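Since the structure comes first, as structure tokens, the remarks are kept for the end.
Atoms within each ligand, like the ligands themselves, are counted from 1 in listed order. As the structure is a prediction and not an experimental result, all values here were calculated from the model. When reading the values below, keep in mind they use all heavy atoms of this one structure, side chains included, and skip hydrogens, waters and symmetry mates.
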Amino acid sequence: ATAQVGVVGLAVMGRNLARNFANHGHTVALYNRTQARTDDLMAAHGSDGNFVPATSVEEFVASLERPRRIILMVQAGAGTDASIESLLPYLEEGDIVVDGGNANYEDTRVREENLRAKGLHFFGVGISGGEEGALNGPSIMPGGSKEGYAQIGPLLEDISAKYEGEPCCAYIGPDGAGHFVKMVHNGIEYADMQFIAEAYDVLKAAGLDTKAISDAFREWNTGDLDSFLIEITSEVLDQVDASTGKALVDVIRDAAGQKGTGRWTVQNALELGVPVNTIAESVFARSVSGHADLRAAGQASLTGPDQTFTPDDVATLVEDVRQALWASKVIAYAQGLDLIRTGSIQYGWDIDVAEVAKIWRAGCIIRARLLERIRSEYAAGNLPTLLAAPSISEGLANAQKGWRRVVADATLAGVPVPGFASAVSYYDSVRAERLPASLIQGLRDFFGAHTYQRVDVDGTFHTEWSGDRSETKEA
Ligand code: NBP
């Protein structure tokens, strides 16, 4: 046994993670169901570091030092279960199995329980950063036993991205906590991308060409909006299509795909009763974009306003859109972190939100300058919501004028801004002294005797709507 870590599944992610371990001086055992992938990796990179390729699961397991540390990078779901089953006959007490795929955290909870019963440590680990991150340093969100983390944590921290020297990998919590946090990360990622798309659309509707829009993003990336997604937006916008000579973005079909983590985030938020309105709008915006029949019917039968988007001053509009982007982004983070906080309480995970923000500062897709501010605000004290942090509420107060103008002007001109608009509504809802929910309670009591509470007297009340309309206090 010579290898310190083993990787099962050598498609893009597993291959690059294995290379990352090797680049950090670790001896890496390799196994893939289809032998050709192992051979390809050895042929292309076998001499870059110490690899121990295996042709069978048995050989793979035998090549690992104990306790064995095995990272699964296979297709989430059936691939993970099949890989675990194939390993089980050869594993021994104390061995550690890490699922680095995009598993649903509920599945991770079940797998962790099953493997724990067999004396094994199972880790559900969120890994973000795509192929490039897997090779050069991803953000890593591990969930599992603290005891197991002592064995696997240092290795993961070693290959993770670094933010000013600090690893973007930290123990998140037991069983499904890591995959839960990765799921919410992806939900926030959906929102981030929706805002970017809306910013582009508003500027385009106002008459800016693709070059000017790309320049705006490049400029924004030097300030508060500094982030990976804003940075690559300029690169995507600058890409010219070789066959037509047009901007590539103008020839890409406008139907956004999704793999499921955004949907899981929203489903989970609905179950836990956490309002993630803006993240949900971002998931639905992708659904609308891909709904060809609905859009064809809408295009054929619905008229827009007479008004077009004609800003008085382009520089002011660009600044307003920047404010809308920043403020909306803050709202999406607030919603996502609220979901993490609630999930943590629900499942008894004890997740430290400051640590989550800390490991998102580099390596992952949503890495952004804002995360350092979020980290320091949460580190300073337990917040009921990110929006309560002084530097955040002040930033939103300053941004709101431009933010509201963008939503209002876009709406008047018939440009859809579901993300920006939902974010403003969330902001106004949570700061409102009174919401019209009182009327909803009245209606519910009217048709279903669902009762209501009063602002002035304790207790539960019902009005005799179909009788003399007197009020009774429930016993
Ligand atoms: P894929 O998700 O495309 O999975 C391909 C790998 O799974 C191959 O090694 C394949 O083996 C193996 N596999 C399958 Br499919 N079914 C299997 C089974 N029943 N038993 C054993 N192995 C099986 O690879 P990927 O894109 O590298 O992603 C790996 C994981 O990382 C996924 O969970 C993904 O969601 C997650 N992830 C991906 C990214 C990304 O940017 N791509 C980012 C973050 C996380 P074979 O070669 O024999 O077919």
Side-chain angles (χ1 to χ4, degrees), residues 6-21 28-45 53-61 70-90 97-108 111 122-143 156 159-161 168-169 176 178-190 193 228-229 232 257-265 359-360 362-367:
V7 178
V8 173
L10 302 172
V12 284
M13 291 296 287
R15 176 186 170 106
N16 282 356
L17 266 191
R19 292 176 59 201
N20 188 348
F21 279 117
V28 191
L30 303 172
Y31 178 74
N32 191 76
R33 179 181 62 173
T34 308
Q35 172 78 29
R37 282 201 209 267
T38 315
D39 296 342
D40 284 353
L41 172 51
M42 288 307 291
H45 302 287
T55 56
S56 70
V57 175
E58 187 173 8
E59 189 191 335
F60 169 79
V61 173
I70 298 173
I71 321 272
L72 307 178
M73 281 311 288
V74 297
Q75 195 175 65
T80 309
D81 286 326
S83 301
I84 293 172
E85 282 306 311
S86 70
L87 286 163
L88 276 180
Y90 309 108
V97 178
V98 170
D99 175 14
N102 269 336
N104 187 306
Y105 76 95
E106 307 247 24
D107 294 342
T108 302
R111 291 183 185 121
F122 182 76
F123 272 78
V125 174
I127 299 182
S128 178
E131 301 178 39
E132 207 274 335
L135 180 62
N136 297 316
S139 170
I140 306 182
M141 298 148 245
L156 298 177
I159 63 152
S160 73
C168 291
C169 170
H179 275 144
F180 186 89
V181 166
K182 173 65 178 6
M183 172 190 82
V184 177
H185 164 285
N186 286 25
I188 294 172
E189 179 184 310
Y190 272 59
M193 288 164 73
F228 171 67
L229 285 169
I232 65 169
Q258 47 180 317
K259 282 190 171 169
T261 41
R263 186 179 68 239
W264 292 346
T265 306
I359 65 172
W360 285 351
C364 65
I365 303 297
I366 64 169
R367 59 186 184 260

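- Put simply, the residue from Leu72, Val7, Val125 that forms a side-chain contact (heavy atoms from CB on, under 4.5 Å) with Val98 is Val125.
- Judged by distance alone, the side chain of Ser139 and the main-chain N or O of Ile359 form a donor-acceptor pair under 3.5 Å.
- With sequence neighbours excluded, no residue satisfies ring-ring contact (aromatic ring centres under 6.0 Å, His included) with Phe123.
- Partners of Asp40 according to the side chain to side chain donor-acceptor pair (under 3.5 Å) rule, which considers only residues two or more places apart in sequence or in another chain, do not exist here.
- Listed as neighbours of ligand 1 are Gly9, Leu10, Ala11, Val12, Met13, Asn32, Arg33, Thr34, Arg37, Met73, Val74, Gln75, Ala76, Gly79, Ala82, Ser83, Gly101, Asn102, Ile127, Gly130, each bearing a heavy atom under 4.0 Å from the ligand.
- Classified by interplanar angle (parallel below 30°, tilted 30° to 60°, perpendicular above 60°), the ring pair Tyr105/Phe180 is perpendicular.
- For the salt bridge (Lys or Arg N to Asp or Glu O under 4.0 Å) condition, the pairs that include at least one residue of residues 74-86, sequence neighbours left out, are Asp81-Arg111.
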